[in-house]
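As the structure is a prediction and not an experimental result, all values here were calculated from the model.
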Amino acid sequence: MDVHGRDLRYFVTVAEELHFTRAAELLYVSQPALSKQIRALERQLGVPLFDRDRHGARLTPAGAALLPHARRVLAEWDAASEAVESAKRRQRATLVVGMSHSPARGGLRPAIRSRFTEACPAAEVRMRQVRWEDPTAGLADGSSDVAFVWLPLADAERYRWVVLATEARQVALPEDHPLAARERIAFADLLDEPFLALPPEAAELRDYWLALDERGGRPAKIGAEIASVDETYEALVDGRGVCLVASGNVPLVARGGVVTRPVDGVTPSRFALAWRADDTGPLVRAYAEAARLAVAGPEAASVARA
C-alpha cells in the first residue's frame with residue numbers, strides 16, 4: 001500500500017482544522033478536490049478517518065490513531081527535503097556566509113573573497129545578514145556554512161574558527177556624558193552605569209559585552225537591549241546606557257551625539273571566521289584557508305582552533 005505524502009498532508013490539515021472548507025483554503029485546493037482525496041485515502045486504508053456533518057468534521061478512532069504517525073512522516077519528509085536542498089547547494093558550489101554586520105576592517109572580506117575565488121573559481125558566495133539574537137550568525141541552525149562572529153561562542157566544542165582580529169574594547173557613550181570629557185576611562189568607573197545589552201538569546205556573548213568577568217561579581221545594570229547597529233546608536237543618543245564596542249566597530253556608532261573612549265581594565269575582543277566542527281566540505285575548508293591566509297600570509301601553519 002503506497003500513500004502519497006500529499007494525501008497525508010491533506011489529512012493532517014483537515015485533522016487540525018476539523019473543517020474541510022478551511023483546510024482547502026490553507027492548502028490552496030478546492031473543497032471538492034480535497035474531499036475527493038480524503039475519500040480516496042480512506043478507501044485505500046479501508047477505514048473512515050472522519051465523521052462528517054454540516055458543521056464540520058471529527059476524527060474517527062482510526063483517524064486519531066493515524067494523526068501522530070502522519071505528522072512524524074511529514075516532519076521526516078520535510079527534514080529529508082531540506083537535506084536534499086542542502087546537498088543541491090553543495091553540488092551547485094554555493095557557500096553561505098553569515099554575518100551580523102559587514103566585517104570591513106581594512107578590506108578583510110574582499111581579501112578573503114579574492115583568495116577563495118582563486119582556489120574555487122566556480123563557487124558562488126552568498127552573504128547572509130543575521131540579527132544579533134543569533135551570535136553564531138546562522139551556524140547553529142545550519143542556515144550559514146561559515147560565519148563572521150565574535151568570540152566566545154556558546155557550545156564552543158561544536159565549532160572551529162580562525163581569529164581575524166584582536167581589538168581593544170572601547171566604551172561608547174553620549175557626548176554629553178560626564179565621563180566623555182576623559183581621554184581614557186577605567187572600567188571600575190563604569191560599574192554603576194546602565195549598559196546596553198545584547199538580547200538574552202546571545203548568551204555568552206551578551207555576558208562578554210557586559211564584561212561580567214571584569215565586574216568582580218557585581219551584576220550589570222541594563223539600560224536597554226539592542227539587536228542591531230541602528231538600535232545601539234539610537235539607545236546611546238537617547239541616553240539609555242553606555243556599551244563596550246570593539247575598536248574596529250567604532251565608526252558604526254561614533255556618529256553625531258556619540259563618542260568612544262579607550263577603556264582600561266577589560267580584555268581585548270576577538271573577531272573570527274567560524275564553521276561547524278563536523279562540516280568538512282571542500283568549500284568550507286577553502287574559505288577557512290582563505291581567511292587564514294588573509295590575516296597570516298601564505299607561510300602560516302594550517303588552520304587550527306584558536
Side-chain angles (χ1 to χ4, degrees), residues 98-105 128-140 147-154 156 164-272 274:
M99 59 182 182
S100 58
H101 59 268
S102 180
R105 287 168 173 75
R128 178 172 179 267
Q129 195 84 20
V130 181
R131 284 179 60 85
W132 293 356
E133 285 90 342
D134 178 7
T136 72
L139 291 179
F148 293 99
V149 300
W150 291 97
L151 302 178
L153 289 173
L164 304 175
T166 300
E167 300 173 349
R169 285 186 282 179
Q170 299 191 28
V171 62
L173 61 172
E175 63 182 5
D176 58 356
H177 192 285
L179 295 175
R182 300 186 185 181
E183 290 187 4
R184 304 185 66 89
I185 299 174
F187 185 66
D189 293 333
L190 295 170
L191 292 178
D192 294 325
E193 294 290 327
F195 265 67
L196 307 182
L198 295 178
E201 296 88 343
E204 281 86 347
L205 205 58
R206 172 185 167 108
D207 294 348
Y208 178 77
W209 289 105
L210 291 173
L212 294 190
D213 287 346
E214 283 87 0
R215 290 178 178 271
R218 294 176 61 177
K221 183 189 302 183
I222 307 301
E225 289 186 352
I226 40 94
S228 70
V229 170
D230 288 340
E231 288 182 17
T232 304
Y233 175 73
E234 293 299 329
L236 287 166
V237 170
D238 289 347
R240 285 179 280 166
V242 304
C243 68
L244 295 177
V245 58
S247 298
N249 284 348
V250 163
L252 299 178
V253 297
R255 297 178 259 162
V258 175
V259 298
T260 61
R261 296 289 182 263
V263 177
D264 297 319
V266 292
T267 58
S269 61
R270 292 187 298 161
F271 187 60

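Considering all non-hydrogen atoms of both residues, L196 and C243 come closest at CB-CB, 4.0 Å. Scanning both residues, S247 and E167, for their nearest heavy atoms gives N-OE1, 3.8 Å. For the pair G239 and P174, the tightest heavy-atom approach, listed with the atom from each and the gap, is CA-CG, 4.1 Å. The shortest heavy-atom contact between P199 and A227 is CG-CB, 4.0 Å. When all heavy atoms of G256 and V237 are compared, the closest pair comes out as O-CG2, 4.0 Å. The two atoms that bring L236 and G241 nearest to each other are CD2-O, 3.4 Å, heavy atoms only.
Cation-pi check for R169 over Y208 is met; the charged atom lies under 6.0 angstrom from the ring centroid and within 45 degrees of its normal.
Rounding to the nearest 0.5 angstrom, the gap separating the OG1 atom in T232 from the CZ atom in R240 is 10.0 Å. The structure places OG of S228 at 5.5 Å from CZ of R131, a figure rounded to the nearest 0.5 Å. Taking NZ of K221 as the reference point, atom CG of L191 lies at 10.5 Å (rounded to 0.5 Å). In this structure, CZ on R215 lies 6.0 Å from CG on L210, to the nearest 0.5 angstrom. Within the model, atoms CZ of R206 and CD1 of I222 stand 5.0 Å from one another, a figure rounded to the nearest 0.5 Å. Residue F271 holds its CZ atom at 11.5 Å from OG1 of T166, rounded to the nearest 0.5 Å.
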Please evaluate residues N249 and V229 with respect to the criterion side-chain contact (heavy atoms from CB on, under 4.5 Å), reporting the C-alpha separation (whole Å), side-chain torsions for both, the decisive distance (0.1 Å), and the verdict. CA-CA 10 Å; N249 284 348; V229 170; over 6 Å; no
side-chain contact (heavy atoms from CB on, under 4.5 Å) between T260 and V171: does it pass, once the steps are laid out? CA-CA 5 Å; T260 61; V171 62; over 6 Å; no
Would you sort out whether R261 and L179 count as a side-chain contact (heavy atoms from CB on, under 4.5 Å), showing the intermediate values? CA-CA 9 Å; R261 296 289 182 263; L179 295 175; over 6 Å; no
After noting the C-alpha distance and the side-chain angles of W209 and L205, does the key distance pass the side-chain contact (heavy atoms from CB on, under 4.5 Å) rule? CA-CA 6 Å; W209 289 105; L205 205 58; 3.8 Å; yes
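The backbone N or O of V263 lies less than 3.5 Å from no partner atom in the side chain of Q170, so there is not a single donor-acceptor pair. Looking at S100, its side chain never comes within 3.5 Å of a backbone N or O of W132 through a donor-acceptor pair.
Sorted by first and then second residue, the salt bridge (charged side-chain N to carboxylate O under 4.0 Å, His left out) pairs involving residues 173-184 (not counting sequence neighbours) are R182-D189, R184-D264. The salt bridge (charged side-chain N to carboxylate O under 4.0 Å, His left out) pairs that include a residue from residues 192-202 are D192-R218, where partners are two or more places apart or lie in different chains.
Side-chain contact between M99 and R128: absent, with no pair of heavy atoms (C-beta onward) separated by less than 4.5 Å. In this structure the side chain of Y233 never reaches within 4.5 angstrom of the side chain of L252, judged on heavy atoms. Contact of the E204 side chain with the P135 side chain is not registered, since no non-hydrogen atoms from C-beta on lie closer than 4.5 Å.
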